[in-house]
Asks: 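Dumping the structure here so I can ask a few things about it.
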Amino acid sequence: MHAVDWFPTIMSVANGSAPPGIDGVSQWESITSGSASPRTEFVYNMDALPLGKQPSKDAFHAAIRQGDWKLIQGTPGVGYNGWYPPPELEDQVTQESPAPPQWGFQLFNIKNDPTERNDVKEQYPDVLAKMKARLEEWRGTMVPANFPARDPASDPDNFGGVWTPGWC
C-alpha cells in the first residue's frame, strides 16, 4: 500500500468514493480479504534534474513498476555508490554490484531478483520498450519543476550557520 492509497481506502471504508483521476486506489478489499492488490502499476519517482539553467530530458531520474518488472532511468540516487544488502542477506553477498548507468535504463524482474542485482534489459527488449513507452506517458503528466533563483537572504551564514525559514 502506498501513501496515495490511504485516501481512497478510507473513503471506501466510509462508504464514500474518491474523486476520479487521483493516483491512489482503494486497498480495502485486499486488507480485509488478503486478496491481491488492485494496483498493477506503481510510479516510484520522477525527477527532471536541471543541467545548466533548465531541466533536461537527458538528466531524468525515474522508476516505475508493472507487475514483476521494475524500470529505472538514471541513477537510484545522487551519490549512489553501490548496493547495500538488507541485514539478513549480508552474509550471502559475494560481489559488488556494477555501478548503474548515469542516465541510462535498468530493467529488473523483482520477483526473480528482489535485490535488483541483474539488469535484464538486453534479454527482454520488448518489456524494456513497453515500460519506456509507459514512462514517457507518465512523464507527460508531470507538472514542471520549480527551481527558483537563489535568495541571498536564505544563506545559513545569516542565521549563525544554520538553515532556518526565518519565521521561527
Asks: What are the two closest non-hydrogen atoms of Pro8 and Gly24, and how far apart are they?
Replies: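 Heavy atoms of Pro8 and Gly24 come nearest at CG-C, 3.5 Å.
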Asks: Sequence neighbours excluded, which residues qualify as side chain to side chain contact (heavy atoms under 4.5 Å, CB included) partners of Pro114?
Replies: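 Not a single residue meets the side chain to side chain contact (heavy atoms under 4.5 Å, CB included) criterion with Pro114.
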Asks: Got a sec, which residues hit side chain to side chain contact (heavy atoms under 4.5 Å, CB included) with Asp151, two or more places apart in sequence or on another chain?
Replies: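 Only Ala153, Ser154 meet the side chain to side chain contact (heavy atoms under 4.5 Å, CB included) criterion with Asp151.
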Asks: Verify the cluster assignment for Met131 and Val120: are they in a single hydrophobic cluster under the rule of side-chain heavy atoms below 4.5 Å apart?
Replies: yes
Asks: Give, for atom CZ of Arg65 and atom CG of Leu71, the distance between the pair rounded to the nearest 0.5 Å.
Replies: 13.0 Å
Asks: Walk me through whether Thr9 and Ile31 qualify under side chain to side chain contact (heavy atoms under 4.5 Å, CB included).
Replies: CA-CA 10 Å; Thr9 301; Ile31 292 168; 4.2 Å; yes
Asks: Partners of Asp113 by side chain to side chain contact (heavy atoms under 4.5 Å, CB included), sequence neighbours excluded?
Replies: Phe108, Thr115, Arg117, Asn118
Asks: Apart from Val143 itself, which Ile, Leu, Val, Met, Phe, Trp or Tyr residues share its cluster (side-chain heavy atoms under 4.5 Å, direct or through members)?
Replies: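 ILVMFWY cluster around Val143 holds nothing else.
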Asks: Please determine whether side chain to side chain contact (heavy atoms under 4.5 Å, CB included) holds for the pair Phe105 and Leu135, giving the CA-CA distance in whole Å, both sets of side-chain angles, and the decisive distance to 0.1 Å.
Replies: CA-CA 11 Å; Phe105 290 91; Leu135 184 60; 4.1 Å; yes
Asks: Which pair of heavy atoms, one from Pro38 and one from Ser26, lies closest together, and at what distance?
Replies: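 Smallest interatomic distance, heavy atoms only, reads CG-O, 3.3 Å.
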Asks: Evaluate Gln73 against His61 for side chain to side chain contact (heavy atoms under 4.5 Å, CB included), listing each step before the verdict.
Replies: CA-CA 5 Å; Gln73 179 180 6; His61 294 283; over 6 Å; no
Asks: Mind jotting down which residue pairs meet the ring-ring contact (aromatic ring centres under 6.0 Å, His included) criterion with at least one end in residues 17-47? Sequence neighbours excluded, please.
Replies: His2-Phe42, Phe42-Tyr44
Asks: Ignoring hydrogens and geometry, is there a side-chain-to-backbone donor-acceptor pair from Asp155 to Asn158 under 3.5 Å?
Replies: no
Asks: Taking only residues two or more places apart in sequence or in another chain, which ones pass side-chain hydrogen bond (donor to acceptor under 3.5 Å, both in side chains) with Glu41?
Replies: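 Checked Glu41 against side-chain hydrogen bond (donor to acceptor under 3.5 Å, both in side chains); matches are Gln66, Arg134, Trp138.
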Asks: Apply side chain to side chain contact (heavy atoms under 4.5 Å, CB included) to Ser33 and list each qualifying residue two or more places apart in sequence or on a separate chain.
Replies: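 With neighbours one apart ignored, the set is Glu29, Ser35.
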Asks: Go through the structure and list residues passing side-chain hydrogen bond (donor to acceptor under 3.5 Å, both in side chains) with Asp5, not counting sequence neighbours.
Replies: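 Once residues adjacent in sequence are excluded, the partners of Asp5 under the side-chain hydrogen bond (donor to acceptor under 3.5 Å, both in side chains) criterion are Gln27, Arg39.
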Asks: According to salt bridge (Lys or Arg N to Asp or Glu O under 4.0 Å), does anything in residues 124-133 pair up with another residue at least two apart or in another chain? List the pairs.
Replies: none
Asks: Would you give the length of the straight line joining atom CD of Gln106 to atom CG of Leu128, rounded to the nearest 0.5 angstrom?
Replies: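 These two atoms lie 11.0 Å from each other.
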Asks: Can you list, by chain and residue number, the hydrophobic cluster partners of Ile22 when the side-chain cut-off is 4.5 Å?
Replies: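 ILVMFWY cluster around Ile22 also holds Phe7, Met11.
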Asks: Where the side chain of Asp119 meets the backbone of Leu107, is there a donor-acceptor pair that is under 3.5 Å apart?
Replies: yes
Asks: Would the distance check show the side chain of Lys70 and the main-chain N or O of Ile110 forming a donor-acceptor pair, the cut-off being under 3.5 Å?
Replies: no
Asks: For Asn45, which residues count as a side-chain hydrogen bond (donor to acceptor under 3.5 Å, both in side chains) partner, sequence neighbours excluded?
Replies: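 Scan of Asn45 (side-chain hydrogen bond (donor to acceptor under 3.5 Å, both in side chains), adjacent residues dropped) gives Asp47.
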